[in-house]
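Below, each value reflects all heavy atoms present in this structure, side chains not excepted, and no hydrogens, waters or symmetry copies. Small disclaimer: the values here were computed from a predicted structure and weren't measured. All ligand and atom numbering here is 1-based and tracks the order in the structure.
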Amino acid sequence: MPTEIERQLEELLTERGVVAAGSGPTTILHFDAHQARLRIAAGEADQDHFTFRNPQRAATLQSTFPWSRGYVSVAIPYRTTLEDEAVVAGYAQQHSYRHLHATLAAAVSSLRASGLRATSLYDANQAFDKALARRAGIGLVGRHSLVMVPKVGARVVLGSIFTEEVLKVQIGRRFGVDPCRGCRRCVDACPTGAIRLPGVVVASRCIANILQQETWSFDDRREVGTRVYGCDSCIDACPIGWRRREPADLAPLVRWLREGDHELLAELGHWYIPRRDAFYVRRNVANALRNRGSLTYDERRALARLCTARDQRHRTEGLRSLLGVRWVRR
Ligand code: SF4
Ligand code: SF4
């Protein structure tokens, strides 16, 4: 029988749109730390420090929360709002983590009000989100290395609540069979061949990671194609789950090229931008337009304006794109 605290928590999470939740004890994640170390040693982690900065700490939750005995892992679906997902990945289009943040905060407040010590984490390098979700049984790690939840697929954001007692929480169904059995659609859909083994994406080849790097090789510039932030090709190819669509807008590329640093970072502050330097957003936009091979009149004017910027890097990117595009469309 669930306790009153467990029942209240399940109710609160369900009301706030959590589609899957599970719980477990905060034991050491030896296997995941070992896997992370192997990938670092093999050079597969590249500059993806966010996930691989300190595997030992991410695996030993009690080094961050010594009082914690249990955790609850939750998954919330995110929506897609931009028309062209090949430009900005679905998970980056909205503050998908804002709702998760509010949900975790509400759950923590409710637990504390019941006299239980609790805190939460999401998208942080102190914990392996995916490993916690897998252990709590809320989903499986697919061949594309993302956690998939039954019926919803990988279009979810994950978070964890740490508690001083082990709670029993379960929301949503569990997979009965391995959904990846006999399927490799995500592998075939990956433009760069980054999915080398089931569940293993080579960071240095993954477009989502390349777009976050400060330095690019010639191949990087070409391989990212028309993408400005993130990549959804493997998720789109996956037959598990659905695609949630809102009324669509086009990505405002011209505005992003023209806008000042302050406004750009205020709008896109939820993206990972190297050193919080707005130049990297403009670089990605200019490169995407170059790879697209055609420009509208406004895009051409915005790139021409970039060519007169004080910052040499902007001038180089603007010029590179203008010279690299063959034709202009109205
Ligand atoms: S596309 Fe197929 S192999 Fe890839 S994650 Fe989805 S179900 Fe698994
Ligand atoms: S995000 Fe894109 S580049 Fe990375 S593994 Fe998926 S399809 Fe490949």
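- For ligand 2, the atoms lying closer than 4.0 Å to a non-hydrogen atom of T192 are 3 (S).
- Counting protein heavy atoms only, atom 4 (Fe) of ligand 2 is closest to C206 SG, 2.4 Å.
- Counting only heavy atoms of the protein, atom 2 (Fe) of ligand 2 lies nearest to C231 SG, 2.2 Å.
- Every side chain to side chain contact (heavy atoms under 4.5 Å, CB included) that R205 has, sequence neighbours left out, goes to T192, A194, R196, V202, E223.
- Residue P191 touches ligand 2 through its side chain alone, judged by heavy-atom distances below 4.0 Å.
- Considering all non-hydrogen atoms of both residues, L295 and V325 come closest at CG-CG1, 3.7 Å.
- Within ligand 2, the atoms closer than 4.0 Å to a non-hydrogen atom of C190 are 3 (S), 5 (S), 7 (S), 8 (Fe), numbered from 1 in the order shown.
- I138 has its side chain within reach of L158: a pair of non-hydrogen atoms, C-beta onward, lies under 4.5 Å apart.
- The side chain of I195, and not its backbone, has at least one atom closer than 4.0 Å to an atom of ligand 2 (non-hydrogen atoms only; side chain from C-beta on).
- Residues L111 and L167 have side chains in contact (heavy-atom distance under 4.5 Å, counting atoms from C-beta outward).
- In this structure, R313 is positioned above the aromatic face of F279, its NZ or CZ under 6.0 Å from the six-membered ring centre and within 45° of the axis.
- Counting only heavy atoms of the protein, atom 3 (S) of ligand 2 lies nearest to I207 N, 3.2 Å.
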Would you mind writing out the side-chain donor-acceptor pairs for residues 8-15 within the sub-3.5 Å range, not counting sequence neighbours?
residue	atom	partner	partner atom	Å
Q8	NE2	E4	OE2	3.4
E10	OE2	Q170	N	2.9
E11	OE2	R7	NH1	2.8
T14	OG1	E10	O	2.7

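- Figure legend: cation-pi geometry between R283 and W216, with NZ or CZ positioned under 6.0 Å from the six-membered ring centre and within 45° of its axis.
- Distances below 4.0 Å separate heavy atoms of P239 from the following atoms of ligand 1: 1 (S), 6 (Fe).
- Contact detail for R174 and G137: the closest heavy-atom pair is CD-O, 2.7 Å.
- Listed by first and then second residue, the side chain to side chain donor-acceptor pair (under 3.5 Å) pairs involving residues 99-112 are H101-Y122 (not counting sequence neighbours).
- Ligand-side atoms of ligand 2 in range of S233: 7 (S), range being under 4.0 angstrom from any heavy atom.
- The two residues D129 and S160 come nearest to each other via the heavy atoms OD1-OG, 4.3 Å.
- Neighbours of atom 4 (Fe) of ligand 1 restricted to protein N, O or S atoms under 2.8 Å: the count is 1.
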